[in-house]
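Notes for the one structure printed next.
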Amino acid sequence: MKDTSLVQFVRDRDGQPRGLVVATVIDDKIRLGWSYANTKAGDRFNKEKAYLIAFGRAENRWGNQVEMPHRVKKVYEKMTDRAVRYFKNGVVVA
């Protein structure tokens with residue numbers, strides 16, 4: 001397996017980045033993580049912070065799909081398919 005990561009921004013209707021979905025391989029398993037800035041609560045998107053949160057969730061398997069915002073879910077599902085194709089012979093761990 002390749003030891004790189006896939007990254008996809010989650011964008012709002014205006015095309016501005018609001019979150020991030022990542023796929024990476026840890027212990028021969030594909031792990032996904034995500035982050036999303038709650039702009040209604042006053043959060044501002046920060047790329048570096050988004051990476052840290054998304055990779056933290058991927059490594060520690062935090063933030064299951066139930067609590068995931070709808071806009072993130074759509075990107076997450078596409079990333080799952082993309083990661084399986086990219087990291088051949090990989091098993092996705094939710």
Note to self: When you compare the side chain of Glu59 with that of Ile26, does any pair of heavy atoms fall below 4.5 Å?
What the structure shows: yes

Notebook entry, point to check: Do Tyr86 and Ile30 have side chains that get closer than 4.5 Å, going by heavy atoms?
Noted result: no

Checklist line | Test side chain to side chain contact (heavy atoms under 4.5 Å, CB included) applied to Leu52 - qualifying residues, sequence neighbours left out | finding: none

Check: Taking only residues two or more places apart in sequence or in another chain, which ones pass side chain to side chain contact (heavy atoms under 4.5 Å, CB included) with Asp43?
Finding: Ala37, Asn38

Check: Say you draw a straight line from OG1 of Thr80 to NZ of Lys78; how long is it, rounded to the nearest 0.5 Å?
Finding: 12.0 Å

Notebook entry, point to check: Any idea which heavy atoms bring Arg31 and Ala58 closest together, and the distance?
Noted result: CD-O, 3.2 Å

Check: How far does CG of Leu6 sit from CE of Met79, to the nearest 0.5 angstrom?
Finding: 5.5 Å

Next item on the list: Output every pair passing salt bridge (charged side-chain N to carboxylate O under 4.0 Å, His left out) with a member in residues 12-27, not counting sequence neighbours, ordered by first then second residue.
Entry: Asp12-Arg18

Margin query: Whether the side chain of Ser35 engages the backbone of Ala50 through a donor-acceptor N/O pair (distance < 3.5 Å, no angle test) should be reported.
Written below: yes

Checklist line | Results of side chain to side chain contact (heavy atoms under 4.5 Å, CB included) for Val72 - residues two or more places apart only | finding: Val10, Val21, Trp34, Tyr36, Met68, Pro69

Item checked: Partner set under side chain to side chain contact (heavy atoms under 4.5 Å, CB included) for Lys49, not counting sequence neighbours -> Asn46, Ile53

Note to self: Run Gln8 and Arg82 through side chain to side chain contact (heavy atoms under 4.5 Å, CB included) and show every step you take.
What the structure shows: CA-CA 10 Å; Gln8 178 70 47; Arg82 182 179 167 201; 3.6 Å; yes

Notebook entry, point to check: When Ile, Leu, Val, Met, Phe, Trp and Tyr are grouped by side-chain heavy atoms lying under 4.5 Å apart, directly or through other members, which residues fall in the same group as Phe55?
Noted result: Val7, Phe9, Leu20, Val22, Phe45, Tyr51

